[in-house]
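Below is one structure; the comments refer to it alone.
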Protein chains: 2
Amino acid sequence: MPDTAHSPRPRYGTRPTMKDVATRAGVGLKTVSRVVNGEPGVTAETERRVREAISALGFRRNDSARVLRKGRTSSVGLVLEDLADPFYAPLNRAVEEVARDHGALLINGSSAEDPERERELALALCARRVDGLVVIPAGADHRYLEPEMAAGVATVFVDRPAGLISADTVLSDHAGGAREGVAHLVAHGHRRIGFIGDQPRIHTATERLRGYRAAMDAAALPVHDGWISLGPTAPDRVRGEVLRMLSGPAPVTALFTGNNRVTATAVRVLSELPRRVALVGFDDLELADLLSPAVTVIAQDPARLGHTAAELLFQRLDGYASETRRIELPTRLIARGSGELPPAEG
Amino acid sequence: MPDTAHSPRPRYGTRPTMKDVATRAGVGLKTVSRVVNGEPGVTAETERRVREAISALGFRRNDSARVLRKGRTSSVGLVLEDLADPFYAPLNRAVEEVARDHGALLINGSSAEDPERERELALALCARRVDGLVVIPAGADHRYLEPEMAAGVATVFVDRPAGLISADTVLSDHAGGAREGVAHLVAHGHRRIGFIGDQPRIHTATERLRGYRAAMDAAALPVHDGWISLGPTAPDRVRGEVLRMLSGPAPVTALFTGNNRVTATAVRVLSELPRRVALVGFDDLELADLLSPAVTVIAQDPARLGHTAAELLFQRLDGYASETRRIELPTRLIARGSGELPPAEG
DNA sequence: CTGAAAGCGCTTACAG
DNA sequence: CTGAAAGCGCTTACAG
């Protein structure tokens, strides 16, 4: 039977195996394995023959087989909300770097903020037997991961907490950051401050709202229902809410926006209005310092979130077996101008 | 021997296998396989027993084993420059979506613009036996991939061409886009235009420079050496080059910046200067429309680049075996203000 | 409708 | 220093 000549698309089975290399080099299978893995106990001459066979045949070890036998895949999974969201890009890279330092590859995917898709993806990664999993949860119930964690899949949640299970978690101080941002507006004389955030089923949205309320409470300021709006971050909705909060008899004089997408839309809407409205946004934006006014933000450190989560993960893989840890990273107020505007008359 | 009681960190080997399920359900291995894979030919009662055993044991099929036997991993690899770069984020997501539509997972990693790291990563992915590979190349010699491609790893290059091998490629029209951008500046009266781009070993940098030269040539404008600067996109270097081109007896009146990082720094530097300097940048920026002046750009469509590349990849995996294709996607000039400024006096 | 045997390509545990 | 045998957990190809 000829080699691969009339196979329309050679794949996989057509590749040379260690056995082929062994045959060609006239040695045993195990000797090839030793050379490929750099194990000792092979004479220079034997090694030379094996290497010659390897390059002549174009052999590359099949890690699928290796993984099956060894029991570790040297890969970690990352489930995030959207691979295209610039906020998660540095987190993604940070997890990759830590994985790389530990010789592991990264398999990742987007939940698209859909709990069912999160679940499918996470379980698909478990079926691939990733050694560990970093999850930015979309759902609120992660009991489906319990059997996997019990079976040894190290799991760390980032950015949002796990639902209904106990697991290592790395979060920003969402409530504290929002509180600081709103207090900053209060300190600049604002008494009517609007909050526009993401959907209430998203933990970060309600935490940041909690911070907003705490700051208003601490300043003994009332909060009207119309000043709070949680919902999709689609530009149309956010635009409508900004305009609504700025109209009527007692319009807000400042806005606190609950994440980067909301902030971007709010900045856009405000730039079209004659009135100057103060703004502090949660999450930093590229070029925020170049807008006029430059945008004051509560910044998270997404790379540090990812790095910290991945470190916790590999500590587990390296045998750390104590109780679940929860790490809260501080946020940082970056005053640039928009948050320091005084209240408009009215 | 007890189950897993004194195993410090249960992993992998400790998980139940199909054999365990078969034993518990009192059926053969193949019957479990049929149920797990939804194959026909199992009575309702048998299936019920198998399912009971599966959930009692917490069984999840080990795809590592499946992959080894089936020959396809249902995974694709993506090698890009930097997972943290916002330009690549939509491309990353687009590849993921296409992969998902085809039931495949995405393994990705950053080359960090290092050819050796690109090679290591790409070959590690081949060792994992990804079905296909999407590569944004850092290096200029991809002959190392030839044995892999011959062995059936479908490979598509995006954003930059493959070096020294023939392969499917998807590119933006870098030269054409740059030419259009520079012609736009010429049309607004500029005769002394500077070009600041990425390192000359990066294909996109030299292609965009070629477009710059073509536009200047077409307008019969001379190009002075001092008006061209290729090098690292580090802010300090770019800042220095901007200031240098704006000083001296015949300063440039407009800048064409070769990518998003260069543009961001140039905008920052120009905002600090009293003089108004026209600017067109290659690649769009978030919030570019909100700056003053708003930034005129030559925009690529990174999501479409990723989508197109992934589609080519899966066409190959689905049997398309004709000659190598090269797809060039158009760029789009978005005039926002900075590119329409007239030349400053002087 | 059901299952025993062989095999995917490696590594492990031994034996020489 | 070297290699034959067994086994990782599935699927394939058969046979009943």
Side-chain angles (χ1 to χ4, degrees), chain A residues 10-50 53-54 57-74 124 126-131 151-152, chain B residues 10-51 53-54 57-74 124 126-129 131 151-152:
Chain A
R11 184 151 9 271
Y12 213 72
T14 182
R15 297 190 76 137
T17 69
M18 278 194 181
K19 198 173 156 199
D20 299 325
V21 174
T23 303
R24 171 156 182 142
V27 299
L29 186 58
K30 177 60 196 172
T31 297
V32 177
S33 176
R34 285 196 180 90
V35 171
V36 168
N37 295 305
E39 288 167 25
V42 182
T43 56
E45 167 55 16
T46 305
E47 177 170 349
R48 196 196 56 68
R49 291 221 314 279
V50 171
I54 286 174
L57 260 29
F59 169 79
R60 179 168 309 284
R61 183 181 65 199
N62 183 338
D63 282 350
S64 295
R66 170 167 232 247
V67 148
L68 179 60
R69 188 63 239 238
K70 289 200 90 98
R72 269 234 194 176
T73 57
S74 292
C126 290
R128 299 294 176 109
R129 295 294 190 267
V130 291
D131 298 327
Chain B
R11 179 144 25 264
Y12 213 70
T14 183
R15 298 191 76 136
T17 69
M18 278 195 181
K19 197 173 156 201
D20 299 323
V21 174
T23 303
R24 171 159 182 137
V27 300
L29 185 59
K30 177 62 196 169
T31 297
V32 177
S33 175
R34 284 196 181 88
V35 171
V36 169
N37 295 306
E39 288 167 25
V42 182
T43 56
E45 166 56 15
T46 305
E47 176 168 350
R48 196 196 55 69
R49 291 220 315 279
V50 171
R51 292 210 181 280
I54 285 174
L57 260 28
F59 170 78
R60 178 166 311 284
R61 183 180 64 199
N62 182 339
D63 282 351
S64 294
R66 170 168 232 245
V67 147
L68 180 60
R69 186 65 238 235
K70 289 201 90 100
R72 269 232 195 180
T73 58
S74 292
C126 291
R128 296 294 174 110
R129 294 297 189 263
D131 298 328

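Just so it is clear: chains get the letters A, B, ... in the order the sequence lines come, proteins before strands, and each one is counted from 1.
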Hey, does the side chain of [X] come within less than 4.0 Å of [N]'s phosphate (OP1/OP2), counting only N and O?
X: B:Thr43; N: C:dT2; result: yes
X: A:Thr46; N: D:dT2; result: yes
X: A:Thr31; N: D:dG3; result: yes

Report yes if some heavy atom in the side chain of B:Arg129 is under 4.5 Å from a heavy atom in the side chain of A:Arg15; otherwise report no.
yes
Pair B:Arg34-B:Glu47, side-chain contact (heavy atoms from CB on, under 4.5 Å): steps then yes or no
CA-CA 9 Å; B:Arg34 284 196 181 88; B:Glu47 176 168 350; over 6 Å; no
Just to be sure I follow the notation: if a pair is Watson-Crick (purine N1 to pyrimidine N3 plus N6-O4 or O6-N4) or a G-U wobble (N1-O2 and O6-N3), each under 3.5 Å, what dot-bracket string does DNA chain C give, with | for pairs to another strand?
|||.||||||||.|||
Rounded at 0.5 Å granularity, tell me how far [atom1] in [X] sits from [atom2] in [Y].
X: B:Thr17; Y: B:Arg60; atom1: OG1; atom2: CZ; value: 15.0 Å
X: B:Leu29; Y: B:Thr23; atom1: CG; atom2: OG1; value: 9.0 Å
X: B:Ser33; Y: B:Arg61; atom1: OG; atom2: CZ; value: 8.0 Å
X: A:Arg24; Y: A:Ile54; atom1: CZ; atom2: CD1; value: 11.5 Å

How does protein reach along nucleotides 10-16 of chain C, written 5' to 3' as B (base within reach of a heavy atom under 4.0 Å), S (only sugar-phosphate), or - (no contact)?
SBB----
Whole-Å distance, A:Asp20 CG to C:dC8 P, equals 10 Å
B:Asn62-A:Arg128 side chain donor-acceptor pair, cut-off 3.5 Å
no
Partners meeting salt bridge (Lys or Arg N to Asp or Glu O under 4.0 Å) with B:Arg66 (sequence neighbours left out):
none
